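For reference, the structure is listed below as structure tokens.
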Protein chains: 2
Amino acid sequence: MTNTTLKKISEILGISVSTVSRALKHHPDISVKTREKVIELARTLDYEPNANAVQLRTKNSKLLGLMVPTISNYFYETFIAAVEEDARKNGYAVMILQSGNDPLIESENLKLFRQNRVSGVFVCLSSNTKDLSSFEKMFDLEIPVVFFDNVPQESGVHKICLADEKSAQLAAELILQHPYQSILAIFGNPALSITKKREAALKNAFQAHPHISLLIEHANSSEEAKLVCHEMLNKHLPDIIFCMSDEVLIGVLKTIQEKGLRYPDNIALLTISNGTIPRLFHPQITYIETSGEKLGKAAFAHMLNCMQTKIEPTELLVDAVLFNGGSL
Amino acid sequence: MTNTTLKKISEILGISVSTVSRALKHHPDISVKTREKVIELARTLDYEPNANAVQLRTKNSKLLGLMVPTISNYFYETFIAAVEEDARKNGYAVMILQSGNDPLIESENLKLFRQNRVSGVFVCLSSNTKDLSSFEKMFDLEIPVVFFDNVPQESGVHKICLADEKSAQLAAELILQHPYQSILAIFGNPALSITKKREAALKNAFQAHPHISLLIEHANSSEEAKLVCHEMLNKHLPDIIFCMSDEVLIGVLKTIQEKGLRYPDNIALLTISNGTIPRLFHPQITYIETSGEKLGKAAFAHMLNCMQTKIEPTELLVDAVLFNGGSL
DNA sequence: GTGAAAGCGCTAACAT
DNA sequence: ATGTTAGCGCTTTCAC
């Protein structure tokens, strides 16, 4: 079988292609009878417009691009799910590509987006991306780019982030409400914008409390976090461990379980997470919520704005809230 | 700025569009000098072919469709990541859509795939889909459909599954190697093909061992699994709990932790999983591996075959292997 | 070895 | 109210 086209319909009905096209769009010029005849036949033949032809002609597609380092990640997957859902409701489809944190692949993916004439792209930068040179062409072509989560430092672009500073502040406040004296804080890849922001905010919050010992470490993966944590705990048992992310938390939890430590009795735990992992354990881990879903919804809404009217580059924040598990 | 087209290049070089097109494709007719001139200019102008125009003309796109009930799922996310990666390496992009287990949305998504002229689609059926009527048009149009994970019962379609029967058999064998006398087996949604297969295989394996008590329950979500498990444990403490999936396992683990039970001391645990969740805990949970990654790679390879040559509908299996944690 | 021309399916300005 | 025409960017047959 082959696809129904406007031409086919027009031939059967003995009218012109343009009349068919207009009728299907409820153009006011077309007479009611013609319109109904056309729509009826289109339905029986199950007419489905060729998106490629439409895009070629009109220059705007109902396709959006979305790029993340990897899809299989507790946070991105909820972000993607949220964007896809809202996109669907608005008639858009989403083309998803992974960079694997490789700037070269990132650049090629942008090219793929362009070739497929996406109307806009969501990007979470690869951790190894040094500058925005590969994005220049997107800007030139005026394809809206909304950066999320790991965003560039440059201003003048659309960014939408979790309230990184605030979430670290919230964490600090919560810690200060307890009599903890020594803190081990483990962060992720120091090259990421989220790492920098969270780390700076946490440090800053403890500036006024010099009597509290704050030890900061970094780990690029769960495995590294596990090792780092092991090492640190062998030297000294802190009152509380703060984890910047799920990746870190997973490593820390392994170490804690292996060492037979129990929280909150032997040690307290606090993390920043979307909640999936913290809620898996018992007691649940207390966390500052960073919702991929909220971020996704906000990002899509912003994209819609960008596509409708040229708006100034903005930096949006999605608020952070505390979820009280039982880990401190 | 606007996109570079063949026409633009041809005008600058004072040659025809067709020559430019051929030169870019290394057509043997074109002289070396012309070819190099063209390629060089194309590079400086950063020429990127318009995928929509190409598809319109040639009728084949480098776009694949992929539909799952939801992206945010431990298993699907690795499947998707694997498919996307291999697709990328072969010059394909992937359009991802979620059905939310709604047959209506599923049908609309198929339409979206068609309109965007995908060259093939991967589908994990929604749990509420009763028949393949919405897929008829795909078959008519000869767009290859590769079903995976939750596949239709009908024969005559491409299916690629985990070795569901074998994984349940493996589980049974492992259980029988221990002196366990009472088993609680919790399965997922009974409407799913994977549930049916796994359940039948497990039951079957214990047919020859009537002295062993096998209690079977169902749960459609982690929360339900938690409740079911609570209820069951209140009545009687089995020697081992078998979980059909991560969803079930998560609920079971919550109940076990809440009740202060310890595995493998008080109760043994066995699950089917891709490993992410089982490895989070300590001791790690023993599981039969169902790798979304392997399935994804196999599915993509099969899709490539389908697209190159018309092959007979086949049912492929991805093997199951045992990972020994410490939970029994 | 290169060009002219047709056409994929659609839309929209311009007739009539 | 409807048809004619042109053209989006590309590929490909046919001609020279």
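Each chain gets a letter, A, B and so on, in the order its sequence line appears, and its residues count up from 1. Note that the structure is a prediction, hence the values are computed from the model and not measured.
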Atom [atom1] of [X] to atom [atom2] of [N]: distance rounded to whole Å?
| X | N | atom1 | atom2 | value |
| --- | --- | --- | --- | --- |
| A/Lys7 | D/dT5 | NZ | P | 15 Å |
| B/Asn52 | C/dG9 | CG | C1' | 12 Å |
| A/Glu11 | C/dG9 | CD | P | 11 Å |
| A/Glu48 | C/dC8 | CD | P | 19 Å |
| A/Asn50 | C/dC10 | CG | P | 6 Å |
| A/Asn60 | C/dA12 | CG | P | 9 Å |
| A/Leu13 | D/dA1 | CG | P | 17 Å |
| B/Leu6 | D/dC8 | CG | P | 12 Å |

Taking only N and O in the side chain of A/Lys59, is any of them less than 4.0 Å away from OP1 or OP2 of D/dG9?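 Yes, such a contact exists.
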Name the closest nucleotide to the A/Leu56 side chain, picking from D/dG9, C/dG3, D/dC10.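 Side chain of A/Leu56 sits closest to D/dG9.
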Whether B/Phe79 and B/Phe122 hold their rings parallel, tilted or perpendicular, with breakpoints at 30° and 60°: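 If you compare the ring of B/Phe79 with that of B/Phe122, the planes turn out perpendicular.
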What are the residues of residues 17-39 of chain A, sorted by number, that bring a heavy atom to within less than 4.0 Å of DNA chain C?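 A/Val17, A/Ser18, A/Ser21, A/Arg22, A/Lys25, in order of number.
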Kindly give the heavy-atom pair with the smallest separation between A/Met67 and A/Phe113, and that separation in Å.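 So the minimum-distance heavy-atom pair works out to CB-CE1, 4.1 Å.
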Pairs satisfying salt bridge (charged side-chain N to carboxylate O under 4.0 Å, His left out), at least one member in residues 122-139 of chain B, at least two apart: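 Only A/Asp46-B/Lys137, A/Glu48-B/Lys137 qualify under salt bridge (charged side-chain N to carboxylate O under 4.0 Å, His left out).
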Give the table of side-chain donor-acceptor pairs shorter than 3.5 Å for residues 30-43 of chain A, with sequence neighbours excluded, one pair per line with atom names and distance.
{"residue": "A/Ser31", "atom": "OG", "partner": "A/Thr34", "partner atom": "N", "Å": "3.3"}
{"residue": "A/Ser31", "atom": "OG", "partner": "A/Thr34", "partner atom": "OG1", "Å": "2.6"}

The criterion is ring pair (Phe, Tyr, Trp, His ring centres under 6.0 Å); which residues satisfy it with A/Phe147, sequence neighbours excluded?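 Here the qualifying residues are A/Phe135.
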Partner residues of A/Gln308 under the side-chain contact (heavy atoms from CB on, under 4.5 Å) criterion, sequence neighbours left out: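 A/Gln308 satisfies side-chain contact (heavy atoms from CB on, under 4.5 Å) with A/Leu304, A/Asn305 once adjacent residues are dropped.
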For residues 81-102 of chain B, which side-chain N or O atoms pair as donor and acceptor with protein atoms under 3.5 Å away, sequence neighbours left out?
{"residue": "B/Glu84", "atom": "OE1", "partner": "A/Gln98", "partner atom": "N", "Å": "3.4"}
{"residue": "B/Glu84", "atom": "OE1", "partner": "A/Gln98", "partner atom": "NE2", "Å": "3.0"}
{"residue": "B/Glu85", "atom": "OE2", "partner": "B/Lys89", "partner atom": "NZ", "Å": "3.1"}
{"residue": "B/Asp86", "atom": "OD1", "partner": "B/Lys297", "partner atom": "NZ", "Å": "3.0"}
{"residue": "B/Arg88", "atom": "NH1", "partner": "A/Glu108", "partner atom": "OE1", "Å": "3.3"}
{"residue": "B/Asn90", "atom": "ND2", "partner": "B/Asp86", "partner atom": "O", "Å": "2.8"}
{"residue": "B/Gln98", "atom": "OE1", "partner": "B/Thr70", "partner atom": "OG1", "Å": "3.4"}
{"residue": "B/Gln98", "atom": "OE1", "partner": "B/Ile71", "partner atom": "N", "Å": "2.8"}
{"residue": "B/Gln98", "atom": "NE2", "partner": "A/Ala81", "partner atom": "O", "Å": "2.9"}
{"residue": "B/Gln98", "atom": "NE2", "partner": "A/Glu84", "partner atom": "OE1", "Å": "3.0"}
{"residue": "B/Ser99", "atom": "OG", "partner": "B/Asn101", "partner atom": "N", "Å": "3.1"}
{"residue": "B/Asn101", "atom": "OD1", "partner": "B/Ser127", "partner atom": "N", "Å": "2.8"}
{"residue": "B/Asn101", "atom": "OD1", "partner": "B/Ser127", "partner atom": "OG", "Å": "3.3"}
{"residue": "B/Asp102", "atom": "OD1", "partner": "B/Leu104", "partner atom": "N", "Å": "2.8"}

Of B/Asn3 and A/Ser16, whose closest DNA chain D nucleotide lies nearer the 5' terminus?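 Here A/Ser16 is the residue nearer the 5' end.
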